[in-house]
Amino acid sequence: MARPLWFVHILKKLFPNIKIIAKLTRIPILNKIFDILLFKEDDIIYLPLDRVVEVDKNIEGPESYVLPSEILEYFIKKANYHWIMNFCICRKSMNCQNYPINLGCLFLGEGVLDINPQLGKLVTKEEALDHIKKCREVGLVHMIGRNLLDKQWLGVKDGQKLLSICNCCECCCLWRITPILNKKIGSKIKKMPGVQVEVNNEKCINCGQCLDNICFVDAIKEENEKITISEECRGCGRCVDLCPVNAIELHITDKSYISKSIAKLDRLIDVV
């Protein structure tokens, strides 16, 4: 059953307190309840910004190289149903001042037919492709996968027929709660296979820009006057894009990273 507008209005009011709610997932017993109701079988991949991906020397030449956005294009072209939300619930709830609020999530699959028509609209494949292009152009980072939260708040009956493509900002994104969540739940938000982000300390000038609320999982730290990136990194590439001296580098160490990501998502969600 499609969620009524009053339900969505309540969610917007609750959203600014999401970090408090996330802390509850660390409490024994409660964490299992939250997992079953909101995160069960979730598998979400962050896609690096196209412009920050470099070809690793161990990979065959650029002629065989494709960018992370190819994953989105694959599923958009494959899907029979495409739905664009009228707004991003994260940015709308937080009254975002840095990115367009109207660039909402893109949902694919038959499940979109359950969404309240007042929240968005069905679009063509061409319109869906244009939408994600606009999101990239303003600096939003894509995440794609199976997301039980979306099924629940949108009132979709079958989560296996709903593929979520979110367009995230560093300031308002729901998944800034990842470091606060129960570790098992937080681990369902993943980086792409073969993505590696490193700091070149010979280039780094310790300007501190990458430490200023850029990393949504708090993976960037300063230790002994050196910038380090922990294993918590999800490879979104925001810090790479931001660094004024190109001291943070993102490499792809697996040439089949696109095909592996597509195959994994194909098993999770039926968009046809």
I45-L163 co-clustered via ILVMFWY side chain contacts under 4.5 Å: yes
Shared hydrophobic cluster, F34 / I20 (ILVMFWY, side-chain heavy atoms < 4.5 Å): no
K92 and K12, any side-chain heavy atoms less than 4.5 Å apart: yes
Hey, can you pull the donor-acceptor pairs under 3.5 Å for the side chains in residues 203-214, sequence neighbours left out?
unit_1, atom_1, unit_2, atom_2, d
N206, ND2, E222, OE2, 3.3
N206, ND2, E225, O, 2.9

same_hphob_cluster(V199, V245) at 4.5 Å side-chain heavy-atom cutoff: no
Exercise: do N31 and T25 side chains pair donor with acceptor under 3.5 Å: no
hydrophobic_cluster_shared for L148 and F7, side chain cutoff 4.5 Å: no
From CD (E73) to CD (E70), nearest 0.5 Å: 5.0 Å
Any donor-acceptor pair under 3.5 Å from S256 side chain to S259 backbone: no
L154 vs L119, side-chain contact (heavy atoms from CB on, under 4.5 Å): CA-CA, chis, key distance, verdict: CA-CA 9 Å; L154 292 170; L119 298 177; 4.3 Å; yes
Spacing of M85 atom CE and S164 atom OG [to the nearest 0.5 Å]: 10.5 Å
Min side-chain heavy-atom separation D218-T178 under 4.5 Å: no
Where C166 and D150 come nearest, the two heavy atoms and their spacing: SG-OD2, 4.3 Å
Linked hydrophobic residues, Y99 as query - side chain contacts closer than 4.5 Å: L103, V138, L140
Lys/Arg-Asp/Glu bridge criterion (N-O < 4.0 Å) met for K78, D266: yes
Side-chain donor/acceptor of N116 to backbone N/O of R3, under 3.5 Å: yes
Atom pair OH/NZ of Y46 and K191 - distance to nearest 0.5 Å: 14.5 Å
CZ-CD1 distance between F75 and I132, expressed to the nearest 0.5 angstrom: 12.5 Å
Backbone of I189 reached by a side-chain donor or acceptor of R234 within 3.5 Å: yes
Test side-chain contact (heavy atoms from CB on, under 4.5 Å) applied to Q118 and N86, step by step: CA-CA 8 Å; Q118 293 178 284; N86 291 335; over 6 Å; no
Non-hydrogen side-chain atoms of L108 and L106 separated by less than 4.5 Å: yes
Spacing of I84 atom CD1 and N102 atom CG [to the nearest 0.5 Å]: 10.5 Å
P16 versus M94, closest heavy-atom pair with distance: CA-SD, 3.8 Å
Heavy-atom side-chain proximity of S230 to K221 below 4.5 angstrom: no
Nearest atoms (heavy-atom pairs only) where C105 meets N167: CA-ND2, 4.1 Å
Any donor-acceptor pair under 3.5 Å from N224 side chain to K226 backbone: no
Criterion side-chain contact (heavy atoms from CB on, under 4.5 Å) against V52, the qualifying member of D241, I248, N246: D241
P48 vs C236 side-chain heavy atoms within contact, under 4.5 Å: no
Donor-acceptor pair, side chain of E41 and main chain of F39, under 3.5 angstrom: no
Within-4.5 Å side-chain heavy-atom neighbours: H131 and V123: no
Separation between CZ of R176 and SG of C168, rounded to the nearest 0.5 Å: 11.5 Å
Single-linkage hydrophobic cluster, 4.5 Å side-chain cutoff, V53 and L242 together: no
Candidate pair R91 and C169, rule side-chain contact (heavy atoms from CB on, under 4.5 Å), full reasoning: CA-CA 8 Å; R91 288 192 287 281; C169 61; 3.7 Å; yes
Student check: side-chain heavy atoms of I44 and I144 closer than 4.5 Å: no
side-chain contact (heavy atoms from CB on, under 4.5 Å) evaluation trace for V141 with F216: CA-CA 11 Å; V141 176; F216 78 103; over 6 Å; no
Over all atoms of both residues, closest heavy-atom pair of I177 and A22: CB-CB, 3.9 Å
Side-chain donor/acceptor of R26 to backbone N/O of I180, under 3.5 Å: yes
N/O donor-acceptor pair under 3.5 Å between K161 side chain and D270 backbone: no
Residue pair I258 / Y74, side-chain heavy-atom distance below 4.5 Å: no
Heavy-atom pair with the smallest gap, counting every atom of W83 and G120: CZ2-C, 3.3 Å
Backbone N/O of L149 and side chain of Q152: donor-acceptor pair under 3.5 Å: no
Qualifying residues under ring-ring contact (aromatic ring centres under 6.0 Å, His included), relative to F107, sequence neighbours excluded: none
Salt-bridge present (D43, K188; N to O < 4.0 Å): no
Which atom of G194 lies closest to which atom of D254, heavy atoms considered: CA-CB, 3.9 Å
